[in-house]
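Everything on this sheet refers to the single structure shown next.
None of the values given here were measured: they were computed from a predicted structure. Counting from 1, the numbers follow the sequence of the chain as shown. Below, each value reflects all heavy atoms present in this structure, side chains not excepted, and no hydrogens, waters or symmetry copies.
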Amino acid sequence: MEFIGKTLHNSGLAALALGAMVVLGAEKADAATVTFTNGEGGNVGSIVSGFGAVSQNNLGNGTANIDFTWFNTDPDNFLAYSEFTTNGSFRLTFQDYAPESDLAVGPGARSGFQIYYGSFGGALQPILPHTPNSEPACGSDVLTSFGSTDCVLVTGADNDGTPFVVPPISYDIDGFGAGTYVLMFSEGNEPNNGSAEFIISAIPLPAGGLLLITALGGMTVLRRKRKAA
């Protein structure tokens, strides 16, 4: 019986260790390396219409930053994107939205964003669902350039200052894996100046993984106590 108990005890430790390796391996796969298509810098992203800039940089701490800045959207809406590749899943955080003037009346005066799987100019698959689904989607300019009007609305039209999505808010992009992605931002307020910031980072270790590691530590301490006894 003592032999069986030791065997089960050792097998349990082995199983937990194997589980920890699986969880840690998954965490390593979630850590995405970002490579921007147009390189890094203060104005190297792509603008489809309007006046502004798109900066995109790896920050050196396992995260990347994308900033959209618009300078006056009258008469054209500001529509821009950043294209990048990753080697795995990642977390996209809508970090900040800072318009510098009031919304203007008009059906085109809505702002929103979307992340697509694919390359600009080719087939783009929108990843985030249209939010909120009771509100009109992004405009026809987004449809023309990106193939879909589905977007996450930040503000509404007709001088409606309702903050549909309040930053910071995060989305785990984990169903596509390695590949090319396009982050689009559309600002339809006329006239308006402002900025929107996004962060790309690794998907954190699941809570279950932390519990597993804690359990491993606890069983190690218990085993040492038994040996000492």
**Prompt:** Between Thr86 (side chain) and Thr33 (backbone), is there a donor-acceptor pair under 3.5 Å?
**Reply:** no
Margin query: Before you tell me yes or no, could you show the steps for Val54 and Ile66 under side-chain contact (heavy atoms from CB on, under 4.5 Å), namely the whole-Å CA-CA distance, both residues' side-chain angles and the distance that decides it to 0.1 Å?
Written below: CA-CA 7 Å; Val54 182; Ile66 302 173; 4.2 Å; yes
Linked, directly or transitively: Ile200 and Ile173 (ILVMFWY side chains, under 4.5 Å) = yes
CD (Glu40) and CG (Asn57) are apart, to the nearest 0.5 Å, by 5.5 Å
Any chance the rings of Phe120 and Phe146 have centres within less than 6.0 Å? yes
Rounding to 0.5 Å, atoms CZ (Phe94) and CG (Leu183) come to a distance of 10.0 Å
Q.
I'd like to know if the side chain of Asn58 and the backbone of Ala64 have a donor-acceptor N/O pair within less than 3.5 Å.
A. no
The side chain to side chain contact (heavy atoms under 4.5 Å, CB included) partners of Pro129 (sequence neighbours excluded) come to Thr131
Looking only at heavy atoms, the pair that brings Ala53 and Phe71 closest together is N-CE1, 4.1 Å
Just so I know, are the side chains of Ser46 and Asn38 near enough to count as touching, which here means a heavy-atom distance under 4.5 Å? yes
The reported gap from OH in Tyr181 to OH in Tyr117 (rounded to nearest 0.5 angstrom) is 5.5 Å
**OP:** Give the intermediate values and the outcome of side chain to side chain donor-acceptor pair (under 3.5 Å) for residues Glu187 and Tyr97.
**Re:** CA-CA 11 Å; Glu187 178 64 40; Tyr97 175 67; 3.0 Å; yes
Those residues at least two apart in sequence (or on a different chain) that pass side chain to side chain contact (heavy atoms under 4.5 Å, CB included) with Thr85 are Thr35, Thr180
- Query: Applying the 4.5 Å side-chain criterion to the ILVMFWY set and letting contacts propagate, would Val165 and Trp70 be lumped into a single cluster?
  - Reply: yes
What about Val154 and Val182, same hydrophobic cluster or not, with Ile/Leu/Val/Met/Phe/Trp/Tyr joined at side-chain heavy-atom distances under 4.5 Å? no
If we ignore hydrogens and angles and just use 3.5 Å, is the side chain of His130 paired with the main-chain N or O of Leu153 as donor and acceptor?
no
The side chain to side chain contact (heavy atoms under 4.5 Å, CB included) partners of Thr93 (sequence neighbours excluded) come to Arg91, Gln95, Pro168, Ser170, Ile199
| Is the closest side-chain donor-acceptor distance between Asn77 and Ser186 under 3.5 Å? | no
So do Tyr81 and Ile47 actually touch side chain to side chain, heavy atoms under 4.5 Å? no
The reported gap from CG in Asp174 to CZ in Phe90 (rounded to nearest 0.5 angstrom) is 10.0 Å
Across all chains, not counting sequence neighbours, the side-chain hydrogen bond (donor to acceptor under 3.5 Å, both in side chains) partners of Asp96 are none
inquiry  = Taking the side chain as everything from C-beta on, heavy atoms only, tell me whether Gln114 gets closer than 4.5 Å to Val152.
reply    = no
Joint cluster assignment, Phe84 & Leu79, ILVMFWY side-chain distance < 4.5 Å
no
- [ ] Taking Thr63 for its side chain and Leu59 for its backbone only, find out whether a donor-acceptor pair lies under 3.5 Å.
- [x] no
Does the ring-ring contact (aromatic ring centres under 6.0 Å, His included) test come out yes or no for Phe185 and Phe113, once each step is laid out? CA-CA 4 Å; Phe185 188 83; Phe113 63 90; 7.0 Å; no
Hphob cluster co-occupancy, Tyr171 + Phe68, side-chain heavy atoms under 4.5 angstrom: yes
Contacts of Asn65 meeting side-chain hydrogen bond (donor to acceptor under 3.5 Å, both in side chains) (sequence neighbours excluded), chain-then-number -> Glu197
The reported gap from CG in Leu128 to CG in Leu92 (rounded to nearest 0.5 angstrom) is 7.0 Å
By side chain to side chain contact (heavy atoms under 4.5 Å, CB included), Leu143 pairs with (sequence neighbours left out) Thr149
All heavy atoms of Ser55 vs all of Gly42, minimum pair found to be CB-O, 3.3 Å
The reported gap from OG in Ser82 to CE in Met184 (rounded to nearest 0.5 angstrom) is 13.0 Å
